[in-house]
Amino acid sequence: MAAAPGGSAPPAGPGPRLGFSTADSGVGMSGLNPGPAVPMKDHDAIKLFVGQIPRGLDEQDLKPLFEEFGRIYELTVLKDRLTGLHKGCAFLTYCARDSALKAQSALHEQKTLPGMNRPIQVKPAASEGRGEDRKLFVGMLGKQQGEEDVRRLFQPFGHIEECTVLRSPDGTSKGCAFVKFGSQGEAQAAIQSLHGSRTMAGASSSLVVKLADTDRERALRRMQQMAGQLGALQPAPLPLGACGAYTTAILQHQAALLAAAQGPGLGPVAAVAAQMQHVAAFSLIAAPLLPAAANSPQGGGPSTLPGLPAPIGVNGFGPLTPQTNGQPGSDSLYNNGLSPYPAQSPGVADPLQQAYAGMHHYAGPEGCNLFIYHLPQEFGDAELIQTFLPFGAVVSAKVFVDRATNQSKCFGFVSFDNPTSAQTAIQAMNGFQIGMKRLKVQLKRPKDANRPY
DNA sequence: TGTTATT
């Protein structure tokens with residue numbers, strides 16, 4: 001024992017004598033540990049949790065006990081952050097994965113250290129994860145990249161247990177993959193180094209490397225999609241009271257809380273309820289905030305609105321909220337008598353209903369789709385709907401968002417179900433001043449068109 | 001100038 005060679009420091013002389021209550025079977029004489037002073041650990045090494053350790057034993061005391069099963073990479077007794085008191089347990093990582101497995105099977109629940117009532121615990125630390133924490137989702141791959149390419153990319157970070165590129169039924173790559181590492185540490189290292197680090201050929205954005213969804217997250221995702229479908233097909237007839245963006249924000253917050261609060265074991269029904277509440281909140285956004293009876297001078301045009309006081313604050317949607325429900329003209333977005341909106345013709349189906357009727361369609365027919373630039377930074381899809389809903393049935397509205405920052409790119413698309421509405425919207429809204437900006441509203445460029453403007 | 005995908 002006294003001659004532990006190599007990097008393993010010999011246990012300090014006096015210290016508590018180490019032994020198991022069952023049998024003392026020559027612990028500590030096995031390992032010659034030649035090699036570098038700084039040990040290397042295998043990529044697939046396992047971090048072990050060791051419990052039921054007598055408080056009197058420190059790392060040096062414990063070392064010989066565990067060295068029987070192989071070279072130790074790291075051994076740390078857990079201490080209270082504040083008091084520094086020994087917590088009766090430790091983390092142990094062997095250089096070799098195999099050593100950890102041997103130690104676990106030989107020691108876990110098998111022996112009891114002196115002075116303890118319960119047998120020692122030796123098992124993978126919780127931080128090692130039980131599968132999900134070692135599995136990565138990889139996005140923004142090139143469509144032509146296969147398993148081999150992905151493996152090449154991730155192989156430097158550890159032992160890859162699985163590597164699968166997701167493909168459509170016809171075999172073409174969906175541009176994403178799953179990679180499972182031997183340990184959580186390897187997975188985290190890969191995330192650290194690779195996420196956002198490069199853009200693969202043919203990808204629209206930089207590489208995505210993150211933990212794969214858990215089963216629960218996957219189920220939630222599915223339900224979100226289903227709820228979305230339901231909402232698009234059957235817009236709930238909601239009371240359109242005085243509910244503006246602020247109310248919406250509260251509802252969304254509540255929905256988020258509900259979703260976050262669903263701990264393990266929450267049934268699918270409650271999850272759906274949370275999702276449906278979210279859908280309801282979204283529906284409320286569409287409460288028309290615009291003056292229904294505001295007869296605007298159509299001939300004037302937006303360019304005749306110089307010096308318009310900013311109707312929309314840069315820090316929120318305060319002015320967007322209808323403060324007097326149903327009272328045309330007053331306290332509305334356009335309290336200057338220069339609203340660009342045409343009167344809503346009676347007899348036309350509720351535009352709200354129409355707006356949602358086909359909302360899952362991205363684009364309408366040619367000539368129905370608008371490209372809108374110079375949107376206020378805080379404009380989202382909902383505000384875009386609100387702004388263009390008076391001109392006709394909005395089939396879709398989408399503000400582009402930078403995926404990395406979640407910030408609006410200040411442009412978006414609105415589609416109507418007919419070209420006349422689109423033209424009316426252009427006439428009324430192109431050049432319209434909001435805050436410091438003037439909207440640019442024009443027909444969306446067809447995919448194949450080559451004109452810059 | 002319609003984006004990013006979850007076995």
Q) Just checking A/Glu217: base, sugar-phosphate only, or nothing, at a heavy-atom cut-off of under 4.0 Å? A) nothing
Q) For A/Met200 and B/dT4, what is the distance between atoms CE and C1' respectively, to the nearest whole Å? A) 16 Å
Q | Minimum-distance nucleotide to A/Phe371 side chain [options: B/dT7, B/dT1, B/dT6] | A | B/dT1
Q) Given the side-chain rings of A/Tyr94 and A/Tyr73, with only the six-membered ring counted for Trp, is the space between their centroids under 6.0 Å? A) no
(Q) Measuring from the side chain of A/Phe400 (C-beta onward, heavy atoms only), which nucleotide among B/dG2, B/dA5, B/dT7 has the closest atom? (A) B/dG2
(Q) Please determine whether the number of non-hydrogen atoms from other residues, nucleotides or ligands lying under 6.0 Å from atom CD of A/Gln192 exceeds 12. (A) no
(Q) Both conditions, 6.0 Å and 45 degrees, for the charged tip of A/Lys102 above the ring of A/Phe69: are they met here? (A) no
Q: Can you check whether any acceptor in the base of B/dT6 is under 3.5 Å from a donor in the side chain of A/Lys210, or vice versa?
A: yes
Q: Give a yes/no verdict on base stacking between B/dT1 and A/Phe411: centres under 5.5 Å, planes within less than 30° of parallel.
A: no
(Q) Taking the minimum atom-to-atom distance to the side chain of A/Met140, which one of B/dT4, B/dT6, B/dT1 wins? (A) B/dT4
Q: Grab the two heavy atoms, one from A/Arg151 and one from A/Glu162, that are nearest each other, plus how far apart they are.
A: NH2-C, 4.4 Å
Q) Side chain of A/Lys135, base of B/dT7: donor and acceptor closer than 3.5 Å? A) yes
Q | A/Lys143 vs A/Thr164, nearer the 5' end of DNA chain B by closest nucleotide | A | A/Lys143
(Q) Suppose we call a contact any N or O donor and acceptor under 3.5 Å apart; does that hold for the side chain of A/Ser205 and the base of B/dT4? (A) yes
